[in-house]
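Below, read A as the first sequence line, B as the second, and so on, with proteins coming before strands; counting in each chain starts at 1.
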Amino acid sequence: MDTNSSNFIIHKIEDDINSNKYSEEEIITRFPPEPNGFLHIGHVKAALLNYNIAKRYGGDFHLRFDDTNPSKEEQQYIDSIIDDLKWLGLEFDEPYFGSNYFDQMIDYARELINKGLAYVDDQTGEEIKQNRGDLFSPGKDSPYRNRSIEENLDLFNRMVDGEFQPGEKVLRAKIDMASPNMNLRDPVIFRILNGKNEHLNKEYHVFPMYDYAHPLEDAIEGVTHSLCTLEFEDHRPIYDWVLNNIDDFKEKPPVQIEFARLELTDSIVGKRYIKQLVDEGIVDGWDDPRLVTISGLRRRGYTPEALQDFSEEIGISKSNSKVDYKMLEHFVRNDLKNKAKRLNVVLNPIKVVITNYPDDQVEELEIETNMDNPEMGKHKIPFSKNLYIEASDFMEEPVKKYFRLFPGNEVRLRGAYFVKCTDVIKDEDGNIVEIHCTYDPETKSGSGFNKRKVKSTIHWVSEESAVPIKVNLYDNLISDETFDSNNFIENINPESKVTVTAYAEPEILNTLPNEKIQFIRNGYFNADPKLFNKDNLEFNRIVELKSGWRPPKKDKK
RNA sequence: AGGGGUAUAGCCAAGCGGUAAGGCACCAGAUUUUGAUUCUGGCAUCCCGUAGGUUCGAAUCCUGCUACCCCUGCCA
């Protein structure tokens, strides 16, 4: 299944299986997003990691919404997360919700109070902060730290009942105000928020904090291995503390294992930053094709297979790293090369006239839809006297090693004939208006002609039958060097999206929404399902083709 | 009285005491009706952040050092 199987996480799990702590089928993993935004490529890595581990052992995988902060969470995010994960290819039962366990969490808090391990603190937020100390000096005990169990219980019950205002009181774990680990300096475990839990449709006056809620959510669901990102390493002691102090779970608590989050060059990964782009209207929405959100990548035309392969290949480790964006692009190309229709589409046209071709003749030529995948069959393409070719496929004064069209040179028109450039027609300002060529009827595609060879094949469309289409050419939103978390918005590439009108062969009219098409020599494109309409076709470029040759830079003086 | 992590090629990443997998990128060549794809070869020649140590043998074990990342929300 997964090739990169021998990593440190698998080792730990395998140890647990070999020592009979768990049988293979008992392994349960979970992917726990907070529903406060859309999923992105980083979540793909995390979700797939958890999912593939559960699959590997025949255990269970849970999608669980970590919805402990009602002020940030919205139904639209829950919906999108489910949709995106299903699209990615994950299969799971009804999602779990952390908020379903609020009543149990409140009960467990009473257990902690009864054990003298939690207390109600009346300090203000500012006082708590002051007394926490800092990285180099210990904190000070709260004056309320030694209240009696009875008083704590009474106060907590009144918090739960809604007798107090937000900020008035919190419930804290009684651990160690002098711990070198800040997370252990009596962390707040319940705060007062007079919010309605939308999902449960029930009023709550206290909401649990992540550090308290997460281990309990895992334990309640029977999760065995709780995989999270590196920044939670310092939280592992509190994770363990909570479970070791609750009788129901102290026997066989889940273990937290951390791995490095995904970073990608030339892109903005990170919900916080993506949300800012969306909120400020810099992109069109969470599914803007320039974003590395799952929905953005999907709209751009990326496939689930490509994301899965990518995710597999980047591996899992604990070192902070930044994966080259080219790696992602490689896996879409790789997935699409045998799936996409390959059509002649001219992005930047220049007119060609075949001077020795009959004026009104139109030939219906047959052309393979994907030369590397004969199963995709053939389709018809009309050929006539007046054509468009790609401007970059012609050079009036060719540079060395240029073997496309130039005066006196002969090339093949893909699926048609050899043509030789005889003339270049210009207007009074010296701009090229059209290129005149002659064709050789003997060289018709498929005729087996082999008396002479050409060094290049170029794509074309006939002027009369060309279908104008709208094409969005995307570039990265930002370059790796310009990413600065404080003011990255200033460095957004204004040309990250450029829309051009292109000319396509008529076969494009048989395109379906979301279908992938390779525009010969111009890369892979996706029929944007959101903008798709038969009278006004719009495509997004997924990724460019690799090019063994690029036109030389404009003369640098 | 700070604590917790991580260092293997341009970028990811295997490796778990027996003599540096794989992928991306890149380079060279072959095939090619897309300068794509495909194929072949080359890409860490006393080397695994660094300095020592243990060992017949070290990227793997030990010690010191250095660099980078995370932590002082009633966010997750």
**Q** If the cut-off is 4.0 Å, is A/S321 near the phosphate of B/A13, judged by side-chain N/O to OP1 or OP2?
**A**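 Yes, within the criterion.
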**Q** When the P atoms of B/G15 and B/G57 are considered, how many whole Å apart are they?
**A**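 Going atom to atom, P in each nucleotide, I get 26 Å.
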**Q** Using a cut-off of 4.0 Å on non-hydrogen atoms, how would the nucleic acid contact of A/A178 be classed: base, sugar-phosphate, or nothing?
**A**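 Base contact - A/A178 has a heavy atom under 4.0 Å of at least one base atom.
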**Q** Output, in order, the C-alpha distance, side-chain angles, deciding distance and verdict of salt bridge (Lys or Arg N to Asp or Glu O under 4.0 Å) for A/R64 and A/D218.
**A** CA-CA 9 Å; A/R64 181 179 69 232; A/D218 285 341; 2.8 Å; yes
**Q** Quantified in whole Å, what is the P atom distance between nucleotide B/G17 and nucleotide B/G2?
**A** 35 Å
**Q** Checking all strands, does A/H330 fall into the base, sugar-phosphate, or nothing category for heavy-atom contacts under 4.0 angstrom?
**A** sugar-phosphate
**Q** Between A/D186 and A/D176, is there a donor-acceptor pair closer than 3.5 Å when you use the side chain of the first and the backbone of the second?
**A**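 Looks like yes, one N/O pair under 3.5 Å.
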**Q** Could you work out the separation of B/U60 and B/U8 based on their P atoms and round it to a whole Å?
**A**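 These two P atoms come out 14 Å apart once rounded.
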**Q** Can you list the steps and then say if A/N522 with A/V345 is a side chain to side chain contact (heavy atoms under 4.5 Å, CB included)?
**A** CA-CA 8 Å; A/N522 280 315; A/V345 180; 5.8 Å; no
**Q** List in chain and number order the residues that pass salt bridge (Lys or Arg N to Asp or Glu O under 4.0 Å) with A/D372, two or more places apart in sequence or in another chain; answer none if no residue qualifies.
**A** A/R342
**Q** Can you figure out which of B/G35, B/C24, B/C12 approaches the side chain of A/Y402 most closely?
**A**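 It is B/G35.
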**Q** For B/G73, measure the glycosidic angle (O4'-C1'-N9-C4 for a purine, O4'-C1'-N1-C2 for a pyrimidine) and name it syn if it falls within 90° of 0, otherwise anti.
**A** syn
**Q** What does A/E258 touch in the nucleic acid at a heavy-atom separation under 4.0 angstrom: a base, only the sugar-phosphate, or nothing?
**A**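 It contacts nothing in the nucleic acid.
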**Q** Would you measure the distance from the P atom in B/A20 across to the matching atom in B/C47 and give it in whole Å?
**A** 12 Å
**Q** When you measure from the side-chain N and O atoms of A/S319 to the phosphate of B/A13, is any distance below 4.0 Å, counting only OP1 and OP2?
**A** yes
**Q** Below the 4.0 Å mark, does B/A25 have OP1 or OP2 next to a side-chain nitrogen or oxygen of A/K546?
**A**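 Checking B/A25 against A/K546, a side-chain N or O does come within under 4.0 Å of OP1 or OP2.
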**Q** Please compare A/M177 and A/N522 by the position of their nearest nucleotide in RNA chain B and report the one closer to 5'.
**A** A/M177
**Q** Can you find a side chain N or O atom of A/S317 that sits less than 4.0 Å from OP1 or OP2 on B/A13?
**A** yes
**Q** With a non-hydrogen cut-off below 4.0 angstrom, is A/F403 in contact with a base, only sugar-phosphate, or nothing?
**A**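 The residue A/F403 makes base contact.
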**Q** Any side-chain N or O of A/K337 under 4.0 Å from OP1/OP2 of B/U38?
**A** yes
**Q** Please check: side-chain N/O of A/D440 versus main-chain N/O of A/E442, any donor-acceptor pairing under 3.5 Å?
**A** yes
**Q** Distance between the C1' atoms of B/U33 and B/U38, in whole angstroms?
**A**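 Looking at atom C1' only, B/U33 and B/U38 are 16 Å apart.
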**Q** Does B/G35 have its OP1 or OP2 closer than 4.0 Å to a side-chain nitrogen or oxygen of A/S456?
**A**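 For B/G35, OP1/OP2 do have a side-chain N/O of A/S456 under 4.0 Å.
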**Q** For nucleotides 67-76 of chain B, give me one character per nucleotide, 5' to 3': B if any protein heavy atom sits under 4.0 Å from the base, S if the only such contacts are to the sugar-phosphate, - if neither.
**A** --SBSBSBBB
**Q** Is there a side-chain contact between A/R236 and the phosphate of B/G4, meaning an N or O under 4.0 Å from OP1 or OP2?
**A**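 No, A/R236 has no side-chain N/O under 4.0 Å of OP1/OP2 on B/G4.
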**Q** Look at the side chain of A/R404 and the base of B/G35, then say whether one donor and one acceptor between them are separated by less than 3.5 Å.
**A**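 Side chain to base: pair found, below 3.5 Å.
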**Q** Is the side chain of A/D266 donor-acceptor paired with the backbone N or O of A/S479 at a distance under 3.5 Å, no angle test?
**A** no
**Q** Using atom C1' in both nucleotides, what's the gap between B/G5 and B/G49 to the nearest angstrom?
**A**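 Here B/G5 and B/G49 have their C1' atoms 16 Å from each other.
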